[in-house]
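Okay, so here's the structure we're looking at.
Counting convention: from 1, in listed order, for ligands and their atoms alike. The analysis underlying the following values was restricted to heavy atoms, covering all of them including side chains, and did not include hydrogens, waters or symmetry mates.
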Amino acid sequence: MLQGTISPMRTVPAHIPRPAYADSGIVTRWAEDRVKSTEIIHRMRHACTMASDVLRLAGEFVRPGITTDAIDVYVHDLCIERDAYPSPLNYSAYPKSVCTSVNEVICHGIPDSRVLQDGDIVNLDVTTYIGGVHGDTNATFFVGEVDPASHELVKVTEECMWHGIEAVRPGRPLSDIGRAIEAHAKKHRYGVVKAFIGHGIGEQFHTDIQVLHYYDPRSTTIMRPGMTFTIEPMITVGAWQHRMWDDDWTAVTTDGKRTAQFEHTLLVTDDGVDVLTGGDGAVSPSAPWSR
Ligand code: MF3
Ligand code: CO
Ligand code: CO
């Protein structure tokens, strides 16, 4: 994939509440409770449902011949129509309202003039800010007809995410999640990207909780009911190492082979997990790939 031209930054109407970084582009983190109040969780459900609605609509918009910039315009307008601020916009000076990561782009691809081709795969990462909290979710979509190897990569990547989600349990360490994801990826001889990880989320886009997508025994933080974080594995057919484009955002595989990603925002419950960006708020969903 070639670097295209990035259009000027779009604006958000003044009546829509903005996160603190929206004007300056500077992210200042503060200590945020890892266990959320019922009131914050209530607001997060709303933000997460909205993010999942926007992601679904954006996915339906994907087709050969459109630019990733057109997807950005679409997502930006969907957020605004819903009185939500598109969280990526000006987050650490990120210039667009959604991340669009095509083929060998691991994550944080910036929407530009590049035209999607029949056979591409594209990850859309949507985050919305409404009611003072963020909801974060992504999925990889097919552009027209894709080859069987890409089909398999995308399917297994989604399975990896669900294996991670099913490992979420109160009283267990976060390392259970990475172990489950890595085991499934290895079974299919795929790579797991280590440099980008899941994160705590709430009033801030990214909080201090770190969710590794591979096994590390040092990941000892115990999951507690009320904790909210994302699981967002990036899986590769070849090298899991990345290289950065000179835009300082776009991360690509070092060998140029394809990579896929899926993401949900989760809530740890008293007996398992609630997928806040899962659409209907189902508790402990049965593995959707087996349906
Ligand atoms: N949504 C991404 C994540 O899953 C973060 C994007 S940061 C941005 O954590 F600045 F690129 F938007
Ligand atoms: Co995320
Ligand atoms: Co995301």
Of all the N, O or S atoms in Glu263, which has the shortest distance to the Co ion (ligand 2)?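 Relative to the Co ion (ligand 2), the closest nitrogen, oxygen or sulfur of Glu263 carries the name OE2.
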Heteroatom of Glu232 nearest to the Co ion (ligand 2) (N, O or S, atom name):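 This turns out to be OE2.
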Part of [X] within contact of ligand 1 (heavy atoms, under 4.0 Å):
X      : value
Cys99  : side chain
Tyr91  : both
Asp136 : side chain

Closer than 4.0 angstrom: is that true for some heavy atom of His206 and an atom of ligand 1?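 For ligand 1, residue contact (heavy atoms, under 4.0 Å) with His206 is present.
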Under 4.0 Å from any heavy atom of [X], which atoms of ligand 1 are there?
X      : value
Phe205 : 1 (N), 5 (C), 6 (C)
Thr127 : 1 (N)
His199 : 3 (C), 4 (O), 9 (O)

Any donor-acceptor pair under 3.5 Å from Asp33 side chain to Lys36 backbone: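 The answer is no, because no donor-acceptor pair under 3.5 Å joins these two groups.
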Between Pro19 and Phe205, is any pair of side-chain heavy atoms under 4.5 Å apart?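 No. Closest side-chain heavy atoms not under 4.5 Å.
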Does the side chain of Pro95 come within less than 4.5 Å of Ile110's, by heavy atoms?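 Heavy-atom side-chain distance check passes, below 4.5 Å.
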Going from CD1 on Ile6 to CG on Asp247, what distance comes out if it is rounded to the nearest 0.5 angstrom?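 Between atom CD1 of Ile6 and atom CG of Asp247 there are 6.0 Å.
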Atom pair SG (Cys48) and CD1 (Ile130), whose distance is rounded to the nearest 0.5 Å: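 Output value for this atom pair is 12.0 Å.
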Kindly confirm whether the Co ion (ligand 2) is within less than 2.8 Å of some N/O/S atom in His199?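 Yes - counting backbone and side chain alike, His199 has an N, O or S atom under 2.8 Å.
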Restricting to N, O or S atoms of Asp136, which is nearest to the Co ion (ligand 3)?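 Closest N, O or S atom of Asp136 to the Co ion (ligand 3): OD1.
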Heavy-atom nearest neighbour in the protein, as seen from atom 12 (F) of ligand 1, with distance rounded to 0.1 Å: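 The closest one turns out to be Pro88 CB, 3.0 Å.
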Among all protein heavy atoms in this structure, tell me which lies nearest to atom 2 (C) of ligand 1, with the distance rounded to 0.1 Å.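 That would be Asp125 OD2, 3.2 Å.
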Pair Asp270 + Arg224, salt bridge at N-O below 4.0 Å: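 No, no charged N to carboxylate O under 4.0 Å.
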Quick test of your reading of the model: are Asp208 and Arg29 salt-bridged, counting only N-O distances below 4.0 Å?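 No, no charged N to carboxylate O under 4.0 Å.
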Is the distance from the ring center of Phe196 to that of His108 below 6.0 Å?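 When the ring centroids of Phe196 and His108 are compared, they turn out to be within the sub-6.0 Å range.
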When the aromatic ring centroids of His188 and His184 are compared, is their separation below 6.0 Å?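 Yes, they do, as the ring centres are separated by less than 6.0 Å.
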Would you say Glu232 has any N or O atom under 3.5 Å from an N or O of ligand 1, going by distance alone?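 So ligand 1 has an N or O lying under 3.5 Å from an N or O of Glu232.
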